[in-house]
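Report on the following structure.
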Amino acid sequence: MLRVLPVADVQPALLDALSDGDAGVRGLATSALYTLHRLDDVALDHRDRLERVWAEDMILSWLPRDVRACRAVVDLHVRRATPALVDLVQGAGGPLAIEAAVALARLASDDTGLPRVLQAAAPGGADRLRAVEALRYFGDGAAQTALHGLQSDPDPRIRAMAAASLLHRSAR
């Protein structure tokens with residue numbers, strides 16, 4: 001019989017496993033914590049340079065298929081993710097392209113992804129609300145102009161997100 005444990009019961013053991021002498025055990029613990037959305041704990045416990053590089057490599061390997069990896073490279077300041085993010089902006093679709101564009105803007109102050117986000121923010125875009133939110137991270141004047149224009153959008157959610165994004169930009 002398989003018994004499912006609550007995350008609160010499993011997490012301490014996984015965090016302990018990050019210090020295990022066996023690299024395989026550390027790798028499995030990192031993967032499990034990633035699955036449990038605990039990337040912040042993984043980052044904190046990989047202070048050793050070689051282990052940090054190993055953790056970064058693992059996260060980079062997830063970039064092509066997981067939006068959480070785009071967020072993680074920003075949180076961990078993984079600058080060597082920039083080429084992979086550019087590839088995602090140019091080749092991926094939907095939420096992954098938007099998250100990659102945001103990661104580029106936040107990590108490297110690179111507005112390469114802005115056209116993709118502007119396109120997704122246009123009427124009819126499937127991920128429009130997230131794209132409007134994402135515009136807050138771009139320093140380019142086109143992002144600000146787009147947000148001002150979106151304040152007269154017929155969709156009240158888009159207008160509210162545009163206003164919130166403009167406030168976020170002004171607070172930076």
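- For the side chain to side chain contact (heavy atoms under 4.5 Å, CB included) with Leu85, the qualifying choice from Val102, Leu104, Asp110 is Leu104, the only one to do so.
- Side-chain contact between Ile98 and Gln119 is absent, with no heavy atoms from C-beta onward closer than 4.5 Å.
- Nearest approach of Arg116 to Gly93, heavy atoms of both residues: NH2-CA, 3.7 Å.
- The structure places CG of Leu107 at 10.0 Å from CG of Asp75, a figure rounded to the nearest 0.5 Å.
- Side-chain contact between Asp153 and Arg128 is present, with at least one heavy-atom pair separated by less than 4.5 Å.
- Looking only at side-chain heavy atoms (C-beta outward), Val53 and Arg80 come within less than 4.5 Å of each other.
- To the nearest 0.5 Å, atom CG of residue Asp140 and atom OG of residue Ser109 are 12.0 Å apart.
- Contact between Ala131 and Ala121 at its shortest, heavy atoms only, is CB-N, 3.6 Å.
- Rounding to the nearest 0.5 Å places CZ of Arg106 at 10.0 Å from CZ of Arg71.
- Partners of Arg159 under the salt bridge (charged side-chain N to carboxylate O under 4.0 Å, His left out) rule, at least two apart in sequence or in another chain, do not exist in this structure.
- Met161 contributes atom CE, which lies 10.5 Å from atom CG of Leu147 (distance to the nearest 0.5 angstrom).
- Atom CD1 of residue Ile158 and atom CD of residue Glu133 lie 10.5 Å apart, to the nearest 0.5 angstrom.
- With respect to Val132, the side chain to side chain contact (heavy atoms under 4.5 Å, CB included) criterion is satisfied by exactly one of Leu150, Asp127, Leu118: Leu150.
- A distance of 11.0 Å separates OH of Tyr137 from CG of Leu135, quoted to the nearest 0.5 Å.
- The nearest pair of heavy atoms linking Gly113 to Val89 is CA-CG1, 3.5 Å.
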